[in-house]
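These notes concern the structure reproduced below.
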Amino acid sequence: MRKIISFFILVLTFGSLTAQENFELSTLRIGPYKIFMEKSEIEKMAGTKLKISDGEQKNGVKYNGELINIEIFQGYGGDAKPDAVTIAGMTTTSKKFRTKSGMGVGSSRDELINTYKNYPIFSVRPEVDDNGKRIKDAGYFNIEDYDAGTQLTFKFVNNIVTEVTVYINEGC
């Protein structure tokens, strides 16, 4: 009887820990990190100091053992705080982060198309090299969120998603 009670307590403990994890992926977030989140809040959550990005360097942050690369810039704070230092983009290659529809790293290009074919604004485009030449078997599936001013991009290689990025869409 004690073993059964101990097992039950163990299951409840791990069940509540799992419920607290946030592996949500959307046009605004990767896990607990959100576009427009301020630097001080990110640092508090991550437990580390972050540097303002230069367009090349990203801040690597771990969330439950999974890596999220975060770019923070000044002047992208949205209408509320236009000069704030905030998240402007995030990328992950972790298979744990998923959209509500179950899409993420490891999903296929066809699964993305079938899942989001009725989404108001999506596109599929090939990846190109620095000379503008198409890279064989590589591309991007983009979902634009005009209301939020963001974009969710799934990079795929050989028709399988290898990376997911959420960033501010500047309309370029």
Common cluster, [X]/[Y], ILVMFWY with side-chain heavy-atom separation under 4.5 Å:
X	Y	result
F23	L67	no
V128	Y140	no
V85	V61	yes
F156	I135	no

Please report the interatomic distance [atom1]([X]) to [atom2]([Y]), rounded to the nearest 0.5 Å.
X	Y	atom1	atom2	result
R29	K34	CZ	NZ	5.0 Å
S40	M45	OG	CE	10.5 Å
Y167	M90	OH	CE	12.5 Å
L50	E43	CG	CD	4.5 Å
N69	T165	CG	OG1	9.0 Å
T115	F154	OG1	CZ	8.5 Å

(message) Go through it in stages, so that I can follow the logic: the residues are V105 and V164, the test is side chain to side chain contact (heavy atoms under 4.5 Å, CB included), and I'd like the CA-CA distance, side-chain angles, deciding distance and then a yes or no.
(response) CA-CA 7 Å; V105 172; V164 182; 4.0 Å; yes
Just wondering, do [Y] and [X] contact through their side chains at under 4.5 Å, heavy atoms?
X	Y	value
E66	T92	no
N59	I42	no
F97	I68	yes
S107	R98	yes
N159	S108	no
F141	M103	no
Y146	T27	no
Y116	V124	no

Between [X] and [Y], which heavy-atom pair has the shortest distance, and what is it?
X	Y	value
D129	N131	OD1-N, 2.9 Å
S53	E71	OG-CA, 3.1 Å
L152	S26	CD1-O, 3.8 Å
F122	K117	CE2-O, 3.5 Å
F73	A88	CD1-CB, 3.5 Å
N142	T153	OD1-OG1, 2.8 Å

(message) Angle between ring planes, Y63 versus Y33, binned at 30° and 60°: parallel, tilted or perpendicular?
(response) perpendicular
(message) For I35, run the side chain to side chain contact (heavy atoms under 4.5 Å, CB included) check against I168, T86, N169 and tell me which one passes.
(response) I168
